[in-house]
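Let me begin by presenting the structure, written as C-alpha cells, before commenting on it.
In what follows, chains carry the letters A, B, and so on, assigned in the order in which the sequence lines appear, proteins first and then strands, with residues in each chain numbered from 1. Just so it is clear, the structure is predicted and the values come from calculations on it, not from any experiment. Computation of the quantities below employed the complete heavy-atom set of this structure, encompassing side-chain atoms and omitting hydrogens, waters and symmetry-equivalent molecules.
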Amino acid sequence: MLDKTFDPKTAEPRLYAAWEASGAFAPTDDPAAEPFSIVIPPPNVTGSLHIGHALNNTLQDVLIRFERMRGKAALWLPGTDHAGIATQMVVERQLAAQGNQSRRDLGREDFVAKVWEWKAQSGGTIVNQLKRLGASCDWSRERFTLDEGLSAAVRKVFVQLYKEKLLYRDKRLVNWDPHFQTAISDLEVEQREVEGHFWHFAYPLEDGSGEIVVATTRPETMLGDVAVAVHPTDERYQHLIGKCVRLPIVNRPVPIVADEYADPEKGSGAVKITPAHDFNDFAVGKRHNLPLISVFDDFAKINDNAPPEYRGLDRFEARKKVVETFEALGLLRGIEKTRHVVPHGDRSGVVVEPYLTDQWYVAADVLAQPAIKAVEEGATVFVPRHWEKTYFEWMRNIQPWCVSRQLWWGHRIPAWYGPDGKVFVEETEDEARRQARELYGRDVDLRQDEDVLDTWFSSGLWPFSTLGWPEKTDDLRRFYPTHTLVTGFDIIFFWVARMMMQGIHFTGEVPFKRVFINALVRDASGAKMSKSKGNVMDPLELVDEFGADALRFTLTAMSGQARDIKLAKPRIEGYRNFGTKLWNATRFCQMNGCARAEGFDPAAVKAPLNRWIVGETARTAQAVTAALADCGFDEAANQLYRFIWNRFCDWYVELAKPLLNGADAAAKAETQATTAWVLDVVLKLLHPVMPYITEELWAQTADLGAPRGHDGFLMTARWPDLGPELIDPAADAEIGLIIEAISEGRSVRAELNVPNSARPSLLIVEAGEAQRRVLDAAAPLIAQLLRVAEVKSVDAAPEGSIPYVVEGVTLALPVAEFIDLAAERARLAKEVAGLAADIDRTAKKLGNPDFVARAPEEVVEENRERLADAEAAKAKLESALARLTAAG
RNA sequence: GGGCGGCUAGCUCAGCUGGUUAGAGCACCUCGUUUACACCGAGGGGGUCGGGGGUUCGAAUCCCUCGCCGCCCA
C-alpha cells in the first residue's frame, strides 16, 4: 500500500542515483533509433543554479525524456564553460580574502594552477545542482570548454580563420575595462544613463584673435585632443577652418577642421576631437589624418603623453584637475547638468574607456552571411518565430568581433612572435618554430601572445567541439547537427549567433535545427530577480520545500512563449498538490484492485464509462504528444493537469466507484483493468514533466496485475501511441449527460440549501428514449453522486418539485419540504433571465438575413439548435415558476 | 529615435487559423469528517477582454490609431 503522500526528499536522490547507475541517461546503441540531441547551454563553471537555469534545464529535460520515450537515441550533452573574467575574478577575490598575493605577484603559471585547483574543488557545484532537478544528462559525455579536446578545436579554428584572413590583428579602439585591464566586446558593455555635466571650455585661437568654445562630458580627454571640428556649412566658423587653437594646459596647437560630425545645433557647434578616446572622434581623425594621442594607461590613469603634473592621476582626479585649471585660467565658460549614457563593464561595473590597443578580430560580417541565410531558408528555425527578427537585426549589422582578452584564464592565443615582431599563427608551438626556422634560416626565440580568447569564441564551437570535432567521431556523425537548442533570448547575440557562424563555417551544417527561446523568470511582482534586490528565489530551496516535480511542473506550465514568468510560491504549492492528487488516485486504484489485465485491449471495453475514459485518455495523449513535439510545454502541462484532476479524478474515479463496489463482476473487472491502463498511460505522459513521482508510482504499481512487458524504469518505457479510433462519441454523449445531470442537480441542491442528508428521488420528467435509457442505466451512479434515493421516470413534475434542464432533458428534484420558496423563485427567475438573454442574442443573429445567407451552414444550424434548446428550457422553467408563484 | 513583447476576473495567466453563455489556478464566500486525497470534496460571487476607430453577417481574436508597462538596439 502506498504511503499517504509522496516524499520527494527521500525518493528523489534514490531515484536519480538509480537512473544514473542504470545507464539510462546515455542514448541507446540501437543503430535504427533516430538521433535526437541537445547540447546544454554550458553554465559558468563558477555558477550556481538560479531559477533561470532551472527553467531552461527543465524544458530541456522534458524534451529529452519525451524523445527518449518515443524511442529516439536521445542525447543531452552537459558541461560547463570556463567563464574567463568571472572565474578569474572569483579566484582573485579568494586569494585576496585569504591575504594572499595578487595574481601579478603570483605569476601567470601559478595563478592558472590556482584556478584549476579551484575548479577541481568548486567547479562541480552547478552540475550537482542540475542533478537535483532531475536532469537526465549523459554525464559520461560531460565537457568543459578548457578540456584538451575542446582546446584543440579552438586552436584549429583560430588558425584556420587566420589563414582564411577572417581573423586578423589590428590596432583600433576597443571597449577597455580598466578594472580588469582587458578589452571586452560590445555586448559586454552596458549603457547606463547617469547624471553628469557638460563643461564648456574656451580654446584660444593661436593667433590671439579670439577663442572657440567646446563642450565635453569628459574633460580629462582634452589632454589628448588633436583638433576641433566644426560643421563645413556652419557660417559662424567659416573663417576659422584651417586655423589652429592652442590647447590649454597641454599648450599644443591643434587645427580647426571641417567635418559633418560636428552638429551646429548642439552647444556652440564646435566639438573637440580626441581620436584615441572616442569612437566618433576616431572616425573623424581618420578622415583628417589626425594623430592619435592616448593619454591613459591600462588602469585608466594618465600616462606620460600628458603634462607631468597629470601623470599617474586617476581619470576622475584628472577630470577634476582639468576643470579647476580651466577655471583658474579663466577659460571655463559654463557648467551644465545633463543626463547622459555612459558605457559600463557588465562584470566590473566601472566606466569603460574607448582605448587604443592591438587586438585580434574576427571578420564576423563574412561569417554572418551564411548564418543569416540558414535562418532565412529555415535550416534553423526559431521558436517562437519572432526571435528571428532579433537575430537578423544583429547579424545584419554585425561589427568585427574582438576576440582577444587580456586575461590569464582561458585559451591562450596560438600566435608566436619572432624577434622582429613577425607573427606565426599555428596550432602548436612546434609548428610555429618550424615556420620561424624556415623564415629566419635559424632557430630564434619566439614569444607567444600573452592574451587569451573570449570565452564565447570557444562556446561558439560547443555543439560540435563537444561531440569530438575536429576528429570525425561516431558521436559527431550521429548527433550533429543537434536537434534543438533551448536558451534565453538574452544570449541570442552572445551565443546563438556565434554558434551559427562558427558551426556553419567549420562543419558546413547548421549547429541545430531548432532554437527554442525560453522566457525570463521574474519575481511575483514582475521584477527581474537580482541579488541586490534581494528577490531571488533559490530553486534548490523550492525543491526542498515542494519537491523537484512541483517546481518543474510550475516552470513548464508557465513557460508560455515569449513572456516573462512571474514566479510565486502559491503556484508551486498548487502543483505540488497536483502531484499528491495523482498519488492518491493511484492509492485508490491500488485499494480497489485496479490491476493490469493480461492482454487488455482499450478498444474492446464495453461499459460506456470505460469507453469514455479510454477516449479521453487517447485525446489527452494526442494533445500532449503534439504539444511536446512542438515545444508547446505549457500546453502539454495544462492538458495533463486538466485530464488528471478534472476528468480522471473528479469524474471517472467517482463514477467508477459504484462499478467497483457493484455486483456485476464483469463490469467490475473491466473497470479495474481500464483504470490500471489509464494510470499507466498517465504516468508515461506525465513523466517528462514530473519524473520523480511518476517513476515512483510506476515502481510501486509494478506488481499490480499483469506484467507490463517492460521491466525497466518508466523513463525508458515506450511513449503511448493511441489513435482516434479509441474515441467513442456515443460514450462521450452518454457520460456527458450523466455528468451534467449530476452537476446541475448538485447546483440546485446547493442553491436551495437542501440538507446533505436529504435523499430525494431524481425525477426524469421529459427525455428522449435514448437519454432516458442512459439515465436509467446510470441510476446507481447518479444516486451516489447526487445523493438521491433513486432515479425514476414520471409523467409530470409533481407539485413543489424543482425542475432543471440539461441537454434537452427535463429533470426534477422533489424537495419541496426543504426549500424556501422565495429562494427557488429567485433561482428559477435567474435561470430564465439567463436563457432569455441567450435567446435574444441568438434570435437576433438568426433574424439577420446576412448572417443566415453568409455564415457557414453548420454555424447557422448550431445557432438554430441553440435557440430551440434555450426556448424549450425557458418554457419549462417558466411554467415551473408560474406554478410555484401560484402555490406560494 | 528604431524594434519587440504585454495590457482578459482582486492576483497569475489560458483563450492557436474570427462564430464558446469569455475559461483555469490562487484568493474570496457558503456547505461538507460520503472508507484515495482537507496538499481534499461540492457549490457560488466576480470580467463593458487598455481607449478609440475600421474590416466583417459576426471581433478578446484581423487592420489602423492612441495610451500606459516592460525588454532589446542606437
Can you measure N592(A) atom CG to A36(B) atom P for me and round it to whole angstrom units?
7 Å
Quick note, W645(A) side chain, CB onward, closest among U12(B), A38(B), G41(B) is G41(B)
Determine the Euclidean distance between corresponding P atoms of C64(B) and C26(B); express it in Å to zero decimal places.
39 Å
Of the nucleotides C31(B), A42(B), A36(B), which has the atom closest to the A585(A) side chain?
A36(B)
In whole Å, measure the gap between the P atoms of G6(B) and U61(B) for me.
13 Å
Given C26(B), G43(B), C39(B), which nucleotide is nearest the side-chain atoms of S743(A)?
G43(B)
Does U34(B) have OP1 or OP2 under 4.0 Å away from a side-chain N or O of K657(A)?
no
What is the distance, to the nearest angstrom, from the CD atom on E635(A) to the C1' atom on G25(B)?
16 Å
Out of A42(B), U34(B), G19(B), whichever nucleotide has its closest atom nearest the side chain of P856(A):
G19(B)
Rounded distance in Å - CD (Q191(A)) to P (G1(B))
18 Å
Please give the nucleotide sitting opposite C68(B) as a Watson-Crick or G-U wobble pair, both distances under 3.5 Å, or none.
G6(B)
Nearest to side-chain heavy atoms of Y641(A), which nucleotide of C37(B), G25(B), G43(B):
G25(B)
In whole angstroms, how far is the P atom of C16(B) from the CG atom of N638(A)?
14 Å
Determine the Euclidean distance between corresponding C1' atoms of U35(B) and G46(B); express it in Å to zero decimal places.
37 Å
Could you check whether the side chain of R571(A) and the base of C26(B) have a donor-acceptor pair of N or O atoms closer than 3.5 Å, going by distance alone?
no
Does T390(A) put a side-chain nitrogen or oxygen below 4.0 Å from OP1 or OP2 of G3(B)?
no
Watson-Crick or G-U counterpart of G43(B), or none if no pair lies under 3.5 Å
C29(B)
Give the nucleotide from the list A36(B), G19(B), G32(B) with an atom nearest to the side chain of V653(A).
A36(B)
Can you confirm if the NZ or CZ of R396(A) lies within 45° of the ring axis of F392(A) and under 6.0 Å from the centre of its six-membered ring?
yes
With nearest nucleotides of RNA chain B determined for V852(A) and R576(A) from heavy-atom distances, which residue corresponds to the more 5′ nucleotide?
R576(A)
Before giving the answer on salt bridge (charged side-chain N to carboxylate O under 4.0 Å, His left out), spell out for E871(A) and K874(A) the whole-Å C-alpha distance, their side-chain angles and the decisive distance to 0.1 Å.
CA-CA 5 Å; E871(A) 274 172 342; K874(A) 181 166 166 260; over 6 Å; no
Return the value, rounded to whole Å, for the distance between atom CZ of F489(A) and atom P of G5(B).
13 Å
What does G1(B) pair with, Watson-Crick or G-U, if both distances are under 3.5 Å?
C73(B)
Checking T620(A) against Q639(A): is there a side-chain donor and acceptor pair closer than 3.5 Å?
no
Under a 4.5 Å cut-off applied to non-hydrogen side-chain atoms, are P400(A) and R172(A) in contact?
yes
Using a cut-off of strictly less than 4.0 Å, decide whether K569(A) has a side-chain nitrogen or oxygen near OP1 or OP2 of A27(B).
no
Quick one: which of A42(B), A36(B), A38(B) gets closest to the side chain of K4(A)?
A38(B)
Select base, sugar-phosphate, or nothing to describe what C649(A) touches, counting heavy atoms under 4.0 Å on all strands.
base
With rounding to the nearest 0.5 Å, note down the distance linking OG1 in T617(A) to CG in L685(A).
8.5 Å
If you compare every side-chain N and O of N863(A) against the phosphate oxygens of G19(B) (OP1, OP2), does one of them come in below 4.0 Å?
no
Using only side-chain N and O atoms of R866(A), determine if any of them is under 4.0 Å from OP1 or OP2 of U21(B).
yes
In whole Å, what separates the C1' atom of G58(B) from that of U20(B)?
14 Å
Would you state whether a donor and an acceptor, one from the side chain of E393(A) and one from the base of A74(B), lie under 3.5 Å apart?
no
Considering only A42(B), C39(B), C31(B), which nucleotide approaches the side chain of N756(A) most closely?
C31(B)
Taking atom C1' in both A22(B) and A14(B), what distance in whole Å separates the two?
11 Å
note: W394(A), atom CH2; A74(B), atom C1'; distance rounded to Å ~ 15 Å
Starting from C1' on C39(B), measure out to CD1 on I644(A) and report it in whole angstrom.
16 Å
Look at the side chain of E862(A) and decide which nucleotide, out of G41(B), G32(B), G19(B), has an atom nearest to it.
G19(B)
Whole-angstrom distance between A27(B) and C16(B), as gauged at atom C1':
29 Å
Return the nearest nucleotide to the side chain of K389(A); candidates are G32(B), C4(B), C26(B).
C4(B)
Could you tell me how the ring of W387(A) sits relative to the ring of F489(A): parallel (under 30°), tilted (30 to 60°) or perpendicular (over 60°)?
parallel
Using whole Å, report how far CG of N584(A) lies from P of U35(B).
14 Å
Just name whichever nucleotide pairs with G58(B), Watson-Crick or G-U, keeping both distances under 3.5 Å, else none.
none
Under a 3.5 Å distance rule, please check whether Q784(A) uses its side chain to pair with a backbone N or O of P658(A) as donor and acceptor.
no
Donor-acceptor pair under 3.5 Å, K581(A) side chain vs C37(B) base
yes
For the residue pair Y575(A) and Y641(A), is the inter-centroid distance of their aromatic rings smaller than 6.0 Å?
yes
